[in-house]
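In this text, all values refer to a predicted model and were calculated from it rather than measured experimentally. Along the sequence shown, residues are numbered consecutively beginning with 1.
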Amino acid sequence: MLEVRALRAGYGPINVLWDVDLHFETGKLTTIIGPNGAGKTTLLRAIMGQIPVTQGEVALDGSRLDGSDTWRMSERGIALIPEGRMVFRDMSVAENLLLGAYPARAQADIAQRLDRAYILFPRLSERRTQPAGSLSGGEAQMLAMARGLMSDPKLLLIDEPSLGLAPIIVQEIFALLSRLKADGRTIVLVEQNTQRAVQVADHVYLMQGGRVVLSQPAAEVDLVELHDRYFAR
């Protein structure tokens, strides 16, 4: 599915990612964990073309992505659910969702996609006419996730979905991730809640200082050892 090979990327003269190699399997949930500043969000931005790749390559099903414009990624079947929700606050819930279906390939069955979004997120159905800015943090995260799904992506990148949310909402978010995984979605999850991330994942990568320092099937991960490496103990 998605291959990242010997990737270097950063911001202007500041390099953040150093020779990163990652493999994301079709139909699997892969989680990337690591402390702040490890390069996790930078990696997603490099995949999405939001920052330039200075070395290495990103390939989806054997086709190069690096060098492509960000706005073309949705047509390639990739959706990013960004850290911090980033919903359009002055637009309604329904209008935010419709924006997620703007790729040409998603236009044919918009009504059905909206119905599926409201079934998956009943709270959004109740608030479909409300401005997105009036939603709670958990509801805004649901809206961001539903908007990402509106294009029916074959690859879903999710950045810190549990950040700043109450425990009961975090539980709902991870239940949804489990459901999407069971439906065969290919998901890349960046997350700092290590225990929940490992529980829902098929494969785990740990990043530190812009490098991958651990790659392991989730079923084989020892959380104590993982936390020791996470905190560089």
Side-chain angles (χ1 to χ4, degrees), residues 29 31-32 36 40-51 69-107 109-180 183 185-193 196-197 200:
L29 192 155
T31 190
I32 303 171
N36 288 335
K40 307 182 301 296
T41 295
T42 299
L43 173 64
L44 297 189
R45 289 174 178 168
I47 292 171
M48 289 296 294
Q50 294 176 343
I51 60 174
D69 294 321
T70 301
W71 61 271
R72 293 187 181 276
M73 294 301 178
S74 58
E75 292 289 357
R76 304 285 292 272
I78 306 173
L80 171 65
I81 298 170
E83 179 183 351
R85 289 43 125 178
M86 294 191 182
V87 297
F88 294 92
R89 297 178 56 83
D90 295 331
M91 300 176 70
S92 70
V93 166
E95 289 168 336
N96 269 269
L97 291 176
L98 289 173
L99 282 176
Y102 80 87
R105 63 183 183 80
Q107 292 287 311
D109 56 351
I110 288 180
Q112 291 89 341
R113 293 181 194 278
L114 273 174
D115 288 342
R116 284 199 294 268
Y118 291 139
I119 291 170
L120 202 57
F121 302 92
R123 235 173 296 181
L124 298 183
S125 180
E126 299 168 5
R127 291 157 174 72
R128 65 180 72 190
T129 61
Q130 291 181 214
S134 69
L135 301 179
S136 68
E139 291 165 347
Q141 183 62 53
M142 293 176 189
L143 177 56
M145 296 184 73
R147 183 182 59 192
L149 290 167
M150 282 292 291
S151 64
D152 194 24
K154 57 183 178 181
L155 174 62
L156 192 59
L157 309 177
I158 309 177
D159 195 2
E160 301 284 8
S162 72
L163 187 65
L165 300 183
I168 190 169
I169 302 299
V170 172
Q171 185 173 336
E172 289 184 31
I173 294 297
F174 277 91
L176 172 65
L177 291 172
S178 295
R179 181 173 174 180
L180 294 174
D183 288 342
R185 295 276 182 183
T186 304
I187 301 171
V188 176
L189 171 67
V190 165
E191 179 58 55
Q192 289 193 26
N193 189 326
R196 285 195 176 274
V200 78

Checklist entry - Just wondering, do E83 and V190 contact through their side chains at under 4.5 Å, heavy atoms? => result no
Item to check | Residues which pass side-chain contact (heavy atoms from CB on, under 4.5 Å) with T42, listed by chain and number, not counting sequence neighbours | outcome: Y11, V16, L17, I51
Checklist entry - Can you tell me how far the CD atom of Q130 sits from the CG atom of L135, to the nearest 0.5 Å? => result 6.5 Å
Next on the checklist: Tell me every residue that passes side chain to side chain donor-acceptor pair (under 3.5 Å) with D183, counting only those two or more places apart in sequence or in another chain.
Outcome noted: none
Checklist entry - What's the shortest heavy-atom distance between Y118 and A94, and which atoms? => result OH-CB, 3.6 Å
Checklist entry - Where do I81 and M145 come nearest, in terms of heavy atoms and distance? => result CD1-CA, 3.4 Å
Checklist entry - What pairs of residues pass the salt bridge (charged side-chain N to carboxylate O under 4.0 Å, His left out) test when at least one of them lies in residues 124-151, not counting sequence neighbours? => result R127-E139
Checklist entry - Would a 4.5 Å heavy-atom cut-off, applied to side chains only, mark N36 and Q192 as touching? => result yes
Checklist outcome for this item: Sequence neighbours excluded, the answer for salt bridge (charged side-chain N to carboxylate O under 4.0 Å, His left out) partners of E172 is R123
Next on the checklist: Is there a side-chain contact between L114 and L98 in this structure, where contact means two heavy atoms from C-beta onward sitting under 4.5 Å apart?
Outcome noted: yes
Checklist entry - Which heavy atom of G148 sits nearest a heavy atom of A79, and at what distance? => result O-CB, 3.5 Å
Next on the checklist: Can you tell me how far apart CG (L180) and CG (L29) are? Round to the nearest 0.5 Å.
Outcome noted: 9.0 Å
Checklist entry - What pairs with S162 under side-chain contact (heavy atoms from CB on, under 4.5 Å), at least two apart in sequence or on another chain? => result V170, F174, E191, N193
Next on the checklist: Working to the nearest 0.5 angstrom, can you tell me the gap between L80 CG and T41 OG1?
Outcome noted: 9.0 Å
Checklist entry - For residues 161-170, which residue pairs qualify under salt bridge (charged side-chain N to carboxylate O under 4.0 Å, His left out), counting only residues two or more places apart or in two chains? => result none
Checklist entry - Nearest 0.5 Å, what's the CE-CG distance between M142 and L176? => result 8.5 Å
Item to check | Partner set under side chain to side chain donor-acceptor pair (under 3.5 Å) for Q50, not counting sequence neighbours | outcome: none
Next on the checklist: Run the side-chain contact (heavy atoms from CB on, under 4.5 Å) test against D69 and tell me which residues pass, sequence neighbours left out.
Outcome noted: W71, R72
Checklist entry - L120 versus R179: any side-chain heavy-atom pair under 4.5 Å? => result yes
Checklist entry - Looking only at atom types and distance, does a side-chain atom of T70 sit under 3.5 Å from a main-chain N or O of M48, one as donor and one as acceptor? => result yes
Next on the checklist: Just to verify, what does R85 make a salt bridge (charged side-chain N to carboxylate O under 4.0 Å, His left out) with, not counting sequence neighbours?
Outcome noted: none
Item to check | Pairwise side-chain contact, I158 with L177, heavy-atom cut-off 4.5 Å (strictly under) | outcome: yes
Item to check | Which residues share a side-chain contact (heavy atoms from CB on, under 4.5 Å) with S178, sequence neighbours left out | outcome: V200
Checklist entry - Which pair of heavy atoms, one from A197 and one from T31, lies closest together, and at what distance? => result CB-OG1, 3.4 Å
Checklist entry - Just how far is it from atom CG of L97 to atom CD1 of I110, taken to the nearest 0.5 Å? => result 11.0 Å
Checklist entry - What residue pairs, at least two apart or across chains, pass salt bridge (charged side-chain N to carboxylate O under 4.0 Å, His left out) with a residue in residues 89-103? => result none
Item to check | Heavy-atom closest pair, residues A140 and V87 | outcome: O-CG1, 3.8 Å
